[in-house]
Amino acid sequence: MDLFTPSVQHWLDLAGIFVFAISGALLAVRKNFDIVGMASLAVVTGLGGGVIRDVLIGAVPPAALTDLGYLLTPLAATALVFFLHPQVERINRAVMVFDAAGLGLFCVTGTVKAHAYGLGLIPSIVMGLATAAGGGVLRDVLANEVPSMLRWDREIYAVPAIVGSTAVVVLIHTDRLSAVTSALAATLAFVLRLLALRYNLRAPRAWRRHSGSADQDAAEA
Amino acid sequence: MDLFTPSVQHWLDLAGIFVFAISGALLAVRKNFDIVGMASLAVVTGLGGGVIRDVLIGAVPPAALTDLGYLLTPLAATALVFFLHPQVERINRAVMVFDAAGLGLFCVTGTVKAHAYGLGLIPSIVMGLATAAGGGVLRDVLANEVPSMLRWDREIYAVPAIVGSTAVVVLIHTDRLSAVTSALAATLAFVLRLLALRYNLRAPRAWRRHSGSADQDAAEA
Amino acid sequence: MDLFTPSVQHWLDLAGIFVFAISGALLAVRKNFDIVGMASLAVVTGLGGGVIRDVLIGAVPPAALTDLGYLLTPLAATALVFFLHPQVERINRAVMVFDAAGLGLFCVTGTVKAHAYGLGLIPSIVMGLATAAGGGVLRDVLANEVPSMLRWDREIYAVPAIVGSTAVVVLIHTDRLSAVTSALAATLAFVLRLLALRYNLRAPRAWRRHSGSADQDAAEA
């Protein structure tokens with residue numbers, strides 16, 4: 001399960017959790033939540049995807065509850081945002097780049113772990129997506145917002161994760177998974193997400209659903 | 001656990017998942033979500049109830065992640081709605097009839113599976129209800145809507161499932177559960193749901209809560 | 001795991017579930033839900049925290065599905081609110097006192113159970129908080145409201161639970177956990193919550209986030 005040396009993998013995991021947690025804490029500030037709300041959204045965003053995966057594949061208690069670093073990292077992110085949220089907001093563009101890196105990392109590690117627990121190739125893709133995007137969905141649900149991942153007017157988030165997870169599954173199937181190739185798969189998802197942000201790439205809506213803005217407003221009301 | 005021959009049971013399951021998934025994909029179209037949102041709501045609506053049950057009774061990984069057909073069926077429903085959503089909306093009445101059939105089927109299979117995993121009779125009823133209605137609740141939560149099942153102004157959905165699950169539990173208790181009797185229990189829930197749709201049957205609100213519309217609007221605001 | 005004699009612990013559990021369930025059923029009445037919505041919110045509020053904990057620590061099926069009393073208690077609370085909701089609303093202040101008692105009880109029992117299942121001290125605190133506050137968060141999510149626990153304009157709820165759980169963990173660590181000391185930890189959380197209600201204690205928002213009301217309204221819109 002450790003694609004790199006254990007400690008490199010572990011530090012990468014913590015970095016990914018940290019940037020995800022930042023996005024949770026920032027949303028809490030925007031929603032005018034208190035520090036409990038900030039810490040809650042940070043924990044849920046940083047660890048939620050992995051917890052969903054672990055509960056579904058039967059890896060309980062989830063890593064989030066056995067490795068203390070996993071639990072303390074979102075709290076560190078909360079502290080940072082608590083004191084420096086205007087500065088963090090100002091570098092929001094940089095935060096989104098790191099978030100894209102977390103997306104790439106977690107779709108790969110999630111897929112690998114699910115397959116290691118005996119899941120088939122296609123279900124492992126789904127678990128890779130759940131690991132990478134599940135925390136963000138939980139964050140939005142808790143904040144009483146429509147999940148960003150489902151919205152048409154946001155740059156694609158799930159598609160890069162699915163591409164990265166699919167690449168991993170192809171690597172597993174062709175027996176070519178290694179530290180190098182899995183890093184390439186993570187990079188693929190990362191670059192795709194960056195391109196989506198840069199060029200405003202969106203996923204299509206249902207065929208011939210080119211609703212005017214009035215219709216759209218009604219649907220979102 | 002297989003009430004009928006395994007393959008008949010399996011095809012019925014897939015049919016139920018398909019119609020549930022249709023309702024998820026249609027809601028996504030109405031909410032102006034993209035294809036990722038459509039597929040997400042389809043998967044969650046079609047498989048969510050069974051996954052909740054499987055996680056709670058300890059049957060992990062859930063069937064939704066071990067049987068590839070379960071995972072691909074909601075994606076097929078997504079493809080159908082993607083290309084033909086106006087036509088599917090037009091036969092919405094027919095969709096609701098199939099949805100009622102899914103409700104009847106899943107409250108029965110959910111109750112039977114929970115009991116097979118060692119749960120008592122009353123908890124098995126709850127798991128039957130969770131299997132039949134849990135996906136729809138998750139769908140509405142993800143779409144940031146008040147769950148249809150909880151609303152007073154919707155025809156009863158949970159009550160037919162509870163009646164069907166209770167019938168199964170009575171059959172188990174009296175040692176009369178068979179393919180024929182469980183089909184009868186599913187039919188009972190199915191017909192009750194159809195009657196609810198036809199005659200606008202609703203469950204009561206709290207005693208003496210005959211609020212005017214202003215009050216109601218405030219509560220729903 | 002039983003801090004007191006088993007039957008005392010059991011009756012305290014049921015009492016805590018009952019008052020939590022009351023708050024769920026009352027919110028359902030305010031939201032104009034039907035009796036299914038009332039029972040659903042009552043069950044989820046009363047049992048949700050314990051179920052989240054049990055699923056995460058691997059104690060499945062959760063106690064809520066193996067002990068019939070756990071399942072029937074929220075239904076009794078639903079019946080009470082169904083017939084007497086104006087009277088229950090009128091004694092809402094008393095309900096909140098009992099709710100604070102439930103908070104104190106569940107943060108203690110949740111922490112103890114998580115530690116008994118092999119979790120470390122810090123994760124056990126998190127599970128204590130999840131047990132005490134998880135049901136209320138699920139209640140608010142299902143009712144499509146911003147979770148009360150996350151909001152800045154509500155008296156602190158999570159903080160007393162964290163204090164109570166931390167006290168338990170200190171007692172475990174110093175090998176002083178007993179019926180008496182754990183009752184003291186529960187009382188500590190209980191009193192802290194009562195003080196929060198009495199003196200309108202709130203947790204801070206992010207540093208220098210002293211937004212005007214317009215800003216606040218926008219954030220909550």
Side-chain angles (χ1 to χ4, degrees), chain A residues 24-44 47-48 50-52 54-56 58-75 78-89 137-146 221, chain C residues 52-60 114 117-127 129-130 133-134 137-138 140-162 201-213 215-221:
Chain A
L26 281 178
L27 178 61
V29 173
R30 279 179 221 130
K31 300 278 293 187
N32 204 29
F33 292 167
D34 66 14
I35 192 170
V36 169
M38 293 173 66
S40 302
L41 288 201
V43 167
V44 159
L47 304 175
V51 167
I52 291 174
D54 286 351
V55 165
L56 289 180
V60 288
L65 290 175
T66 53
D67 184 319
L68 206 51
Y70 282 16
L71 208 51
L72 297 180
T73 298
L75 301 183
T78 303
L80 179 74
V81 172
F82 185 84
F83 289 109
L84 297 172
H85 63 98
Q87 289 83 343
V88 178
E89 280 282 17
V137 170
L138 284 181
R139 171 198 66 206
D140 295 340
V141 166
L142 279 184
N144 204 18
E145 306 251 318
V146 171
Chain C
I52 292 173
R53 176 203 59 212
D54 286 351
V55 166
L56 290 179
I57 65 177
V60 288
Y117 269 77
L119 261 60
L121 294 176
I122 307 278
S124 295
I125 294 174
V126 177
M127 287 298 96
L129 172 60
V137 170
L138 284 182
D140 295 340
V141 166
L142 280 184
N144 203 18
E145 306 251 318
V146 171
S148 173
M149 189 183 87
L150 310 179
R151 295 176 65 146
W152 169 70
D153 54 349
R154 296 293 159 87
E155 294 87 4
I156 48 170
Y157 195 90
V159 174
I162 293 169
L201 303 182
R202 297 177 186 185
R205 285 178 295 171
W207 199 246
R208 288 188 191 155
R209 173 127 179 63
H210 302 294
S211 62
S213 58
D215 191 2
Q216 184 174 340
D217 290 347
E220 288 175 358

Please find the pair of heavy atoms, one from C/R205 and one from A/N32, that lie closest to each other, and give the distance. NH1-OD1, 2.7 Å

Which answer fits C/L119, side chain, backbone, both or neither, if we ask what part of it has an atom under 4.5 Å from a heavy atom of chain A? side chain

Residues in side chain to side chain contact (heavy atoms under 4.5 Å, CB included) contact with C/V159, at least two apart in sequence or another chain: A/V36, C/I156, C/V163

Quick one: what part of A/L84 sits under 4.5 Å from any heavy atom of chain C, side chain, backbone, both or neither? neither

In terms of heavy-atom pairs under 4.5 Å, which option from A/L65, A/I35, A/V81 contacts chain C the most? A/L65

Between C/R151 and A/F33, what is the shortest heavy-atom contact and its length? CA-CD2, 4.4 Å

Pairing residues for A/V141 by the side chain to side chain contact (heavy atoms under 4.5 Å, CB included) criterion, not counting sequence neighbours: A/V137, A/P147, B/V141, B/L142, C/V141

Which bit of A/V43 is near chain C, if near means a heavy-atom gap under 4.5 Å: side chain, backbone, both or neither? neither

Report yes if some heavy atom in the side chain of C/P123 is under 4.5 Å from a heavy atom in the side chain of A/T66; otherwise report no. no

Chain A contact via C/V146 - side chain, backbone, both or neither, heavy atoms under 4.5 Å: both

Let's test your reading of the structure: which of C/I57, C/V55, C/N144 forms the most heavy-atom pairs below 4.5 Å with chain A? C/N144

